[in-house]
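Below you'll find the structure, written out as structure tokens, and then a few comments.
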Amino acid sequence: MAAIDAMIGTLGQKLFEALSEQTRFILDFRTEFVDLKIELEFVKAYLIDMDSLKNVSNKVETVKRSLKEMRDIVLEADDILIDCILRDEYKKKGFCSSFSLSNLKFLYDTGRKLKDINLRIKKIKNILETYLNPQLSSSIKGDNSYTRFSSPNFDPYEIIEREGSVEVIKDWILKSQDELLHVGIVGMGGLGKTMIAKKIFNDKNVNDRFDKKIWVSVSQDFTEERIMKNMLEQLGYQGSFLDDLSWMMRKFNELIVKDKSYLLIMDDVWTVKFEWWNEICSCLKQSSDRNNCVIITSRNERVIVSMGHDSSHIHWPPFLDENQSWSLLCKVAFAPNKGECPSDQLKQIGMEILQKCKGLPLAIKAIGGLLASKGFYPIEWENVNNNFHELTMEKDNETSFVVASLQLSYNHLPSHLRQCLLCFSIYPEDYVINAEKLVHWWVGEGLVHNSINRDSFGISVTELGFKYLSELISRCLVEVAGPDMDGKIYNCRVHDMVRDLLIMSVKYEGLGNFDEKGKQKPTADTLWLGLSSEIAEGKSLTTSPKLRALVLMKSGSKLHFDKKVTTRYLNSIRVLDLSKIELDTSQEDLFDWLSCLKRLACLNLSGVTGLKELPSSVEKLLNLQILVLNGCTSLSKVHPSITNLKRLIILDLGSCPLLKSLPQGIEKLVRLQELSGLRLVKQDDNKSCKLIELGKLMDLRVLRINICSETEISQNELEVLSQLKKLKVLSIDTEDCTDHEISEALGWLSHPQFLEELYLKVYGSRFMPVWVNPVQLPRLRYLHLETAQFHLFEMEAISNWKQTRWNLEVLSFTLLEMKNKLVFFTDKMRETMHSLRYLVYKPVFSMKMEPFSSCPWYRFSMVNPSRPMMTSGKLISTMGKISFQDDFPVFRFRLVQPWYPNVY
């Protein structure tokens, strides 16, 4: 029961903070809240003993029913706690008085509800006491260290050796003279079929063979319309779509050019309508004078044969042998030790564990991730071995061993990580999840909750959320999706077998329901709902009154809302992600609807078309902690009432080109940790936010500011940035500034001494700011320079490079006029950047690799990207590794043509 365990822990922490802050309406019910906190601690202690019930079914059912009721109580208590905090805010604003009827009613109702909740908890505690033994122990605080470059030490896309399978299929492709070659890859889930297909998709020789490549992830709940739309987009179609399969097929025929060759990969096919598929194949076969290829991956050989594949071109990836299995386990389990096993005792236990994995890569990765979390302690490895043996004792097929390994890894997760992992269940198969949106969800719902002492330099909740995600990735339960450009996590996904496990767990914990194809079915207990179609407040929402998170996954959907339905059925919602919807109503109506969601903590309206203004009604969302309006290209005005949202920790208004400035008064948002899209304007503009206001935002970790030709920075504002002691990320964008004097003046801003990431975008000055050097920025790990006019080796700071080494881990420079001095630059890097892990370079001109190959210490080797890249142009080279000789570090290098804007 991971969910209830984590919920109790989170609520307990919230209660502690609320009682410590001495909020008026909390103090009115201090006795009840203190009793609630004590009772919750006892219930949490009982949960530790849950494992003892696994073989006594009648006890399990009794406890399960009690814990389901306990979960509902925790949700009710959390709502009451939020209401008390908000009531205090309403009173401060004069919305209610101490002696008003509504206030007296609130006090009476709240007191009655809290007393009832405490009585219900005591009854549940008595039931649990009958079956369980409480194990009270002092909680051990986890390590709060935070690594921003949070991808695992190993590369999850390189650890599975499948070169033999890749070479077999490449040989079929390169030697084929067929008009349309059909290739099949068949095997059970977790065997590495998709990995083999990706390696082929990105192979240099295969790239040279075909003019156009198309990758389609099919999955169980596919529709022909969705697949056709995906293929048309990859073929370059940019017009509007008709939801008509015949129309799409005609467009497909039009876009297939006769003198070009095509590679089509259909990944994870479960079944297909053969008439539709035959049309696709017929088009590829008849419309081209050159050889084309179709590759299908599936778990079922009959599916592949029925799609026209000859058995001579069907490949079954073999299971890993003992040496390959051990090599894979070492890369994951001993990643902190560079893949080296430190003792013979660990190897002996590891080899016993591998016997139960049966050579299945997914099972080995999952167990390896679990073992890595246990450290190099033989007793911990032996415990994992014994638990794995119990789970696999009665299993007699390979799939069961994969499921057992995933189940074991899931069982060993801390409760807070299990609850975060369960959130992945609402996303469809193969869905690429934006990592930042996911973390915002966790923070908004309270799944990630970190109290920050204002006098400390503790990590922010966003950083903690990324740490959680990184931990799930290191345990091989979540995958990094998309190219790992600079060590950061931008997108992620889960393997379909992991998703199957999560769906079973969600059902078991009573958090929701799914049909036989894994599609979500809203129920009365559903807490999280993911919608891939238009929002209509009908059955899907009215059947889920406990809903805490609603995530819309389909771009361009239209929003239909009913204020009465919202008030009645969505009053407990904390997270609402409506990014990229089409707004077919006024923003006043939209926010009039949203203002009913009093407990809403996270609102994502990024990329919403038609949103022109953030109206005054936004101030009614007093519990709002995260507001994301990034990419709202029509947004031109933000009402000053936004400064009344005192609980805001993240405000993102980046990439809103029509927004001239933020209103004055941002300094009142003292909890703000991230601020993006701040446009600096003239000093005589008394209605707009000035740089000087930021000096009061002492919790600020991330700041992204835009400089325009009207920007004015006064003398007393030059020291503001140095006052932000916790600032870690600073981005300065001068794209809209044509006045070079303003750009050069930025060089005299005071520098934040603890800065870790610096982005200078479209920087207009010929020289770097004087404070950008390793002496004044000793903690700088990430430096990104974009379309700058200066040359790195001409800036004044270079004189310091030999005396003081940079601590940079990532250096990214885009569209810099480097000319032919790359060899010189790389020599400088070798001397002064010994910590460098990633080099990211996108030049303004077409260039070859000769400048690098002339360096005696340099070796360039081709490495496949992390995922297939859907390109409209041709890459000069794919991702590569730069390896220094001797003890110099390894870092990655990307080289693409300048007209290729969306590679990474």
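Positions are given from 1 along the sequence. Small disclaimer: the values here were computed from a predicted structure and weren't measured.
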Practice item. Say whether, by atom type as modelled, one donor and one acceptor occur between the side chain of Glu225 and the main chain of Met248 under 3.5 angstrom. Key: no
Exercise for review: Taking all heavy atoms of Tyr427 and all of Met553, pick out the closest pair and write down the distance.
Suggested key: CD2-CE, 3.5 Å
Practice item. Please round to the nearest 0.5 Å and tell me the distance separating atom NE2 of His495 and atom SG of Cys476. Key: 12.0 Å
Exercise for review: Output all residues satisfying ring pair (Phe, Tyr, Trp, His ring centres under 6.0 Å) with Phe514, sequence neighbours left out; order by chain, then residue number.
Suggested key: none
Check your understanding: Residues two or more places apart in sequence or in another chain: which of them pass side-chain hydrogen bond (donor to acceptor under 3.5 Å, both in side chains) with Trp442?
Key -> none
Review point. CD of Glu619 to NE2 of His639: how many Å apart, nearest 0.5 Å?
Key: 8.0 Å
**Study point:** Residue pair Leu675 / Leu669, side-chain heavy-atom distance below 4.5 Å
**Key:** no
**Study point:** Check: Arg679 and Leu659 side chains under 4.5 Å, non-hydrogen atoms
**Key:** no
Review point. Any side-chain heavy atom of Tyr410 within less than 4.5 Å of one from Arg418?
Key: yes
Point to revise | CA sep, side-chain torsions, deciding dist, call: Val494, Ile433, side-chain contact (heavy atoms from CB on, under 4.5 Å) | key: CA-CA 9 Å; Val494 291; Ile433 305 161; 5.8 Å; no
Point to revise | Test item: Arg574 side-chain N/O and Ser572 main-chain N/O as donor-acceptor pair under 3.5 Å | key: yes
Practice item. Calculate, to the nearest 0.5 Å, the distance between atoms NZ and CG belonging to Lys580 and Asn604 respectively. Key: 10.0 Å
Practice item. Indicate yes or no: does Asp699 engage Arg671 in a salt bridge with an N to O separation below 4.0 Å. Key: no
Review point. Looking only at atom types and distance, does a side-chain atom of Ser409 sit under 3.5 Å from a main-chain N or O of Ala366, one as donor and one as acceptor?
Key: yes
Practice item. Quick one: closest heavy-atom pair of Leu662 and Leu678, and the distance? Key: CD1-CD1, 3.9 Å
Review point. Got a sec: does the NZ of Lys437 have more than 12 other heavy atoms crowding it under 6.0 Å?
Key: yes
Revision key, fill the gap. When every non-hydrogen atom of Lys598 is compared with those of Leu86, the smallest separation belongs to O-CD1, 3.3 Å
Exercise for review: Determine whether Asp268 and Thr194 make a side-chain contact, defined as any pair of heavy atoms from C-beta on separated by less than 4.5 Å.
Suggested key: no
Study note, to complete from the structure: Separation between OH (Tyr759) and CG (Leu730), nearest 0.5 Å, reads 10.5 Å
Check your understanding: So, do Leu422 and Trp528 sit near enough that their side-chain heavy atoms are less than 4.5 Å apart?
Key -> yes
Exercise for review: Determine yes or no for a side-chain-to-main-chain donor-acceptor pair under 3.5 angstrom, with Arg226 supplying the side chain and Val218 the backbone.
Suggested key: yes
Review point. Do Leu464 and Tyr468 have side-chain heavy atoms sitting under 4.5 Å apart?
Key: yes
Practice item. Quick one: pull up CG in Asn630 and CG in Asp652 and give me the separation to the nearest 0.5 Å. Key: 4.5 Å
**Study point:** Lys521 vs Thr526, side-chain contact (heavy atoms from CB on, under 4.5 Å): CA-CA, chis, key distance, verdict
**Key:** CA-CA 9 Å; Lys521 295 167 58 178; Thr526 297; over 6 Å; no
Revision key, fill the gap. Hits for side-chain hydrogen bond (donor to acceptor under 3.5 Å, both in side chains) against Glu674, two or more places apart or cross-chain, chain-then-number order -> Thr462
Practice item. Measure the spacing between CG of Leu629 and CD1 of Ile642 and express it to the nearest 0.5 Å. Key: 7.0 Å
Exercise for review: Identify the heavy atoms of Leu645 and Leu621 that sit nearest to each other, and give their distance.
Suggested key: CD2-O, 3.3 Å
Practice item. Find out whether Leu417 and Leu477 are in side-chain contact, i.e. whether some heavy atom of one side chain is under 4.5 Å from a heavy atom of the other. Key: no
Check your understanding: Passes side-chain contact (heavy atoms from CB on, under 4.5 Å), Asn491 versus Asn434? Steps please.
Key -> CA-CA 5 Å; Asn491 299 293; Asn434 181 280; 4.2 Å; yes
Check your understanding: Counting only heavy atoms not in Lys620, do more than 12 sit closer than 6.0 Å to its NZ atom?
Key -> no
Review point. Counting N and O atoms only, with roles assigned by atom type, does the side chain of Tyr237 sit under 3.5 Å from a partner on the main chain of Ser240, one being a donor and the other an acceptor?
Key: yes
Revision key, fill the gap. In short, Cys492 meets Leu438 closest at the heavy-atom pair SG-CD2, 4.2 Å
Exercise for review: Would you mind checking if Lys728 and Glu463 are paired as a salt bridge, meaning a charged N to carboxylate O distance below 4.0 Å?
Suggested key: yes
Check your understanding: Just by modelled atom types, is the Phe466 backbone N or O under 3.5 Å from a matching donor or acceptor in the Ser470 side chain?
Key -> no
**Study point:** Pairing residues for Arg599 by the salt bridge (Lys or Arg N to Asp or Glu O under 4.0 Å) criterion, not counting sequence neighbours
**Key:** Asp79, Asp83
Review point. Can we say Arg475 and Glu471 salt-bridge, meaning some charged N sits less than 4.0 Å from an Asp/Glu carboxylate O?
Key: yes
Exercise for review: Before accepting this row, confirm whether a basic side-chain N of the pair Arg704/Asp733 lies closer than 4.0 Å to the acidic partner's carboxylate O.
Suggested key: no
Review point. Taking the side chain as C-beta and beyond, is there a heavy-atom pair between Val618 and Ser641 under 4.5 Å?
Key: yes
Review point. Is there a side-chain contact (heavy atoms from CB on, under 4.5 Å) between Lys68 and Asp525 once you walk through the steps?
Key: CA-CA 10 Å; Lys68 182 178 181 298; Asp525 292 323; 3.2 Å; yes
Check your understanding: Given Asp430 and Arg493, is the salt bridge (charged side-chain N to carboxylate O under 4.0 Å, His left out) satisfied, shown in steps?
Key -> CA-CA 7 Å; Asp430 300 312; Arg493 61 156 65 95; 5.1 Å; no
Practice item. Quick one: list whatever passes side-chain hydrogen bond (donor to acceptor under 3.5 Å, both in side chains) with Glu76, sequence neighbours left out. Key: Arg120
Check your understanding: Does Gln419 use its side chain to pair, donor to acceptor, with the backbone of Leu447 at less than 3.5 Å?
Key -> no
**Study point:** Test salt bridge (Lys or Arg N to Asp or Glu O under 4.0 Å) applied to Asp500 - qualifying residues, sequence neighbours left out
**Key:** none
**Study point:** Considering all heavy atoms, the nearest Leu672-Leu697 contact
**Key:** CD2-CD1, 4.2 Å
**Study point:** Main-chain N/O of Leu75 paired with Arg548 side-chain donor or acceptor, under 3.5 Å
**Key:** yes
**Study point:** Distance-only side-chain donor-acceptor flag, Ser579 / Asp577, under 3.5 Å
**Key:** yes
